[in-house]
J.: 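The structure that follows is given in the form of structure tokens.
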Amino acid sequence: MSELKVYNSYAREKQVFTPITPGHVGMYVCGPTVSGESHLGHARPYITFDVVYRYLTYLGYKVRYVRNITDAGHFEEEGREAEDKVSKKAILEKLEPMELVQKYTNLFHWAMQQFNTLPPSIEPTATGHIVEQIGMIQEIIRAGYAYEVNGSVYFDVKKYAASHDYGKLSGRVIEDLLETTRDLEGQEEKRDRADFALWKNAAPEHIMRWQSPWGVGFPGWHIECSAMATKYLGSQFDIHGGGMDLMFPHHESEIAQSTICNHVAPVRYWMHNNMITIDGKKMGKSYNNYITLTQMFDGSNPVLTKAYHPMVIRFFVLQTHYRSTLDFSNDALQASEKGLRRLWDAYEALEKMGQQSTGGAQAGDAAMDEKVLRLVNEFDEFMNDDFSTAKVLANMFELVPVINSMKDKTIPVTALSAATFERLLTRFRLYINDILGLKSVTEADNDRLQGVMQLLIDIRKEAKSRKDFATSDKIRNQLTALGILLKDEKDGNTSYTFD
RNA sequence: GGUCCUUUGGCCGAGUGGCUAGGCAGAGCUCUGCAAAAGCUCGUACAGCGGUUCGAAUCCGCUAGGGACCUCCA
């Protein structure tokens with residue numbers, strides 16, 4: 001089997017993945033800011049890195065997956081209102097800040113569950129790690145790379161850049177950064193405009209505030225990730241993931257802080273997912289063009305022509321490579337919906353055949369046998385090539401006609417050797433469930449409904465055997481009108497699906 | 001303005017210089033009481049111009065369009 005290669009944003013190339021500690025992987029992914037509801041764009045990194053997590057686990061690594069919850073809030077506009085998102089919203093909604101944060105955290109967890117993402121190993125909150133953040137800031141001051149002004153602490157970027165490669169991750173030139181003109185209040189506190197806040201003095205109206213060596217305030221927005229990653233993964237860890245839009249300044253600053261504090265570059269492999277766009281533009285709050293996850297699930301956003309099942313969205317995301325932009329459209333989602341259903345139907349048929357069949361020791365159709373084996377074995381190859389889920393899915397779709405033909409007996413099951421059939425079944429099952437993390441879209445029907453359906457199917461079958469097509473068609477047509485589709489299978493059975 | 005990325009068939013999207021990914025939609029056929037589903041067959045696309053090469057969607061240059069970051073951002 002080939003080696004796992006990961007595209008490292010820091011090096012701008014695919015590199016063979018070698019963990020620091022053999023057999024173990026430390027992975028940190030920037031989590032949500034729970035000052036509001038998550039939207040479709042947010043779903044992408046969590047689905048992407050969920051698959052990364054699942055795949056690394058499949059490869060046999062013991063993975064510690066850390067994903068933070070940013071509940072401390074950051075500046076709306078630095079210095080302007082001296083108010084962070086969380087506290088501002090809290091006043092509007094007449095809620096305690098922590099109550100608000102809890103509400104959106106719960107909503108986030110619920111959505112992640114809908115997407116069938118595995119919970120991270122550790123999900124630390126920023127508010128729960130104020131002590132660690134303060135400790136880290138003190139360390140940076142002690143090292144001489146930060147300075148205090150009026151109860152705020154800033155990181156000295158110019159000094160850092162003199163001996164370190166600030167800007168390498170995001171491809172920025174330090175001179176340009178120093179020149180960038182941007183007039184904001186509070187800017188004059190900084191020695192240089194490229195400097196960023198490690199700790200901010202809190203104005204009286206600021207609700208979220210903590211005691212610190214520099215007075216009452218709150219942490220700057222990069223320090224939490226550095227502090228929590230260091231605490232749970234060590235000074236240097238394997239993978240850091242997040243959206244491309246976080247490369248600068250967030251990740252760049254994270255590198256600087258951690259490097260000064262821990263005397264070593266914090267991350268071996270930086271991974272960044274691309275954006276979800278809508279009409280070619282990045283979906284995001286600044287553009288006010290986002291669709292929240294609950295809206296996606298219930299179809300309540302005006303942009304949507306219908307509701308989309310979370311699994312359809314997951315599938316939609318996985319059909320594209322994570323480093324490409326993914327354009328949202330109803331047409332694209334609906335294509336995914338149909339595609340996923342077709343894929344899942346074939347998978348279920350495969351499971352059913354697995355219960356009875358088998359081929360012999362020899363393949364009845366050597367070419368077919370070989371093709372199936374190749375398609376199935378390529379799953380790992382594609383995943384090893386920087387997690388090409390799109391290609392894995394393409395191969396799965398190539399297997400669909402083979403599976404369906406065996407189900408319809410157009411191709412005898414014995415075309416494949418017993419060993420190949422077994423491999424097809426186990427690999428397909430492993431990938432669709434455990435690695436891609438897909439699930440059935442159809443609602444889990446309850447026993448009573450199943451009984452009713454079976455009754456109708458039996459009545460219709462009897463009618464058909466009497467050639468009473470009026471009755472049989474009535475049953476089927478009425479059910480179709482209700483959104484239940486009856487299908488007479490080739491084997492004489494009748495199956496049904498819900499719209 | 002600076003830095004970087006991108007442009008693939010009706011739509012969405014893979015694409016490692018040579019062997020036309022895949023999905024959705026569409027057409028035809030087979031199967032079928034009729035449907036539906038399924039199976040088979042069909043579209044030879046790579047923004048434009050020029051260059052490198054025996055050979056380019058894939059490398060280089062120019063032109064045009066789109067986008068991202070530089071500010072909170074997944």
Side-chain angles (χ1 to χ4, degrees), chain A residues 12 14 29-33 35 38-49 73-78 84-85 167 170-173 175-177 179-182 184 194 221 241-250 272-277 279-287 290 315-316 319-321 323-343 345-346 349 382 385 388-398 400-405 407-408 410-411 464 467-469 472-473 476-477 480 485-490 494-497:
Chain A
R12 291 159 194 265
K14 283 182 202 167
V29 173
C30 286
T33 299
S35 59
S38 297
H39 60 70
L40 181 60
H42 297 118
R44 193 167 194 193
Y46 308 129
I47 291 171
T48 298
F49 292 105
H74 301 312
F75 298 131
E76 197 67 75
E77 280 187 75
E78 197 174 345
D84 70 34
K85 287 184 213 165
S170 54
R172 233 136 282 244
V173 184
E175 285 74 27
D176 293 344
L177 290 171
E179 281 170 21
T180 308
T181 312
R182 221 179 147 71
L184 291 171
W221 70 285
M244 269 182 185
D245 50 356
L246 294 180
M247 284 174 106
F248 189 89
H250 188 55
H272 291 94
N273 62 276
N274 214 318
M275 302 292 105
I276 286 184
T277 57
D279 292 327
K281 274 226 164 49
K282 171 184 168 183
M283 183 179 285
K285 39 182 151 292
S286 347
Y287 297 108
Y290 59 89
F315 178 80
F316 174 66
Q319 260 186 308
T320 306
H321 188 86
R323 283 187 288 112
S324 300
T325 54
L326 173 58
D327 198 48
F328 162 87
S329 73
N330 282 287
D331 285 350
L333 259 301
Q334 277 159 38
S336 290
E337 188 172 48
K338 287 181 183 165
L340 175 58
R341 171 166 282 182
R342 182 168 136 86
L343 185 66
D345 284 352
F382 293 156
D385 186 13
S388 286
T389 54
K391 292 178 102 177
V392 171
L393 285 169
N395 271 25
M396 287 184 149
F397 274 108
E398 280 202 68
V400 166
V402 177
I403 294 168
N404 284 334
S405 295
K407 173 190 158 205
D408 292 344
T410 331
I411 294 176
K464 275 174 63 174
K467 299 242 188 278
D468 178 5
F469 296 123
S472 69
D473 286 350
R476 190 176 60 200
N477 293 339
T480 303
L485 202 65
L486 287 189
K487 286 185 279 192
D488 294 330
E489 302 286 351
K490 286 219 165 65
T494 299
S495 65
Y496 58 91
T497 53

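If you're wondering where the values come from, they're calculated on a predicted model, not measured in any experiment. Naming: A, B, ... by sequence-line order, numbering from 1 per chain.
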J.: Atom CE of A:M244 to atom C1' of B:U71: distance rounded to whole Å?
T.: 20 Å
J.: A:F315: what forms a ring-ring contact (aromatic ring centres under 6.0 Å, His included) with it, not counting sequence neighbours?
T.: none
J.: If I compare all heavy atoms of A:R44 with all of A:T320, which pair ends up nearest, and what's the gap?
T.: NH2-CG2, 3.9 Å
J.: What is the separation between atom CG on A:N395 and atom P on B:A21, rounded to the nearest whole Å?
T.: 13 Å
J.: Not counting sequence neighbours, which residues clear ring-ring contact (aromatic ring centres under 6.0 Å, His included) with A:H321? List them please.
T.: none
J.: Return the 5'-most residue of the pair A:E398, A:L246 with respect to RNA chain B, ranking by each residue's nearest nucleotide.
T.: A:E398
J.: Measure the distance from CZ on A:R323 to C1' on B:G67 and round it to the nearest whole Å.
T.: 17 Å
J.: What's the CZ-C1' distance between A:F49 and B:A74, to the nearest Å?
T.: 9 Å
J.: Quick one: side chain to side chain contact (heavy atoms under 4.5 Å, CB included) partners of A:R172, sequence neighbours excluded?
T.: A:S170, A:L177, A:F248
J.: With a 4.0 Å cut-off on heavy atoms, is A:M275 in touch with a base, just the backbone sugar-phosphate, or nothing at all?
T.: base
J.: Output the pairing pattern of RNA chain B as a dot-bracket string, 5' first, Watson-Crick or G-U wobble with both distances under 3.5 Å, | for cross-strand pairs, [ ] for crossing pairs.
T.: (((((((..(((.....[...))).(((((.......)))))....(((((..]....))))))))))))....
J.: If the condition is ring-ring contact (aromatic ring centres under 6.0 Å, His included), which residues does A:H272 pass it with, not counting sequence neighbours?
T.: A:H251, A:W270
J.: How close do A:H39 and A:Y290 get, counting heavy atoms only, and between which atoms?
T.: CG-CB, 3.6 Å
J.: Can you list the residues that meet the side chain to side chain contact (heavy atoms under 4.5 Å, CB included) rule with A:P45, with sequence neighbours excluded?
T.: A:F49, A:N273
J.: Looking at residues at least two apart in the chain, or sitting in another chain, which of them share a side chain to side chain contact (heavy atoms under 4.5 Å, CB included) with A:T494?
T.: A:I457, A:R460, A:L486, A:D488
J.: Would you mind checking if A:D345 and A:R342 are paired as a salt bridge, meaning a charged N to carboxylate O distance below 4.0 Å?
T.: no
J.: At their closest point, which heavy atom of A:E489 faces which heavy atom of A:K407, and how far apart are they?
T.: OE1-NZ, 3.2 Å
J.: At a cut-off of 3.5 Å, list every protein nitrogen or oxygen paired with a nitrogen or oxygen from nucleotides 25-30 of chain B, distance to 0.1 Å.
T.:
from  : atom 1 : to     : atom 2 : distance (Å)
B:A25 : OP1    : A:K338 : NZ     : 3.1

J.: How does each nucleotide of nucleotides 32-41 of chain B score, in 5' to 3' order, for protein heavy atoms under 4.0 Å: base (B), sugar-phosphate only (S), or none (-)?
T.: -BBBBBBSS-
J.: In chain order, what residues pass the ring-ring contact (aromatic ring centres under 6.0 Å, His included) check against A:F316, with sequence neighbours excluded?
T.: none
J.: Please tabulate, one pair per line, each protein N/O and nucleotide N/O from nucleotides 2-8 of chain B that are separated by under 3.5 Å, including the distance.
T.:
from : atom 1 : to     : atom 2 : distance (Å)
B:G2 : O2'    : A:D176 : OD2    : 3.2
B:U3 : O2'    : A:G171 : O      : 3.1

J.: Heavy atoms under 4.0 Å is the rule here; annotate nucleotides 9-16 of chain B 5' to 3' with B where the base is hit, S where only the sugar-phosphate is, and - elsewhere.
T.: ---SSSS-
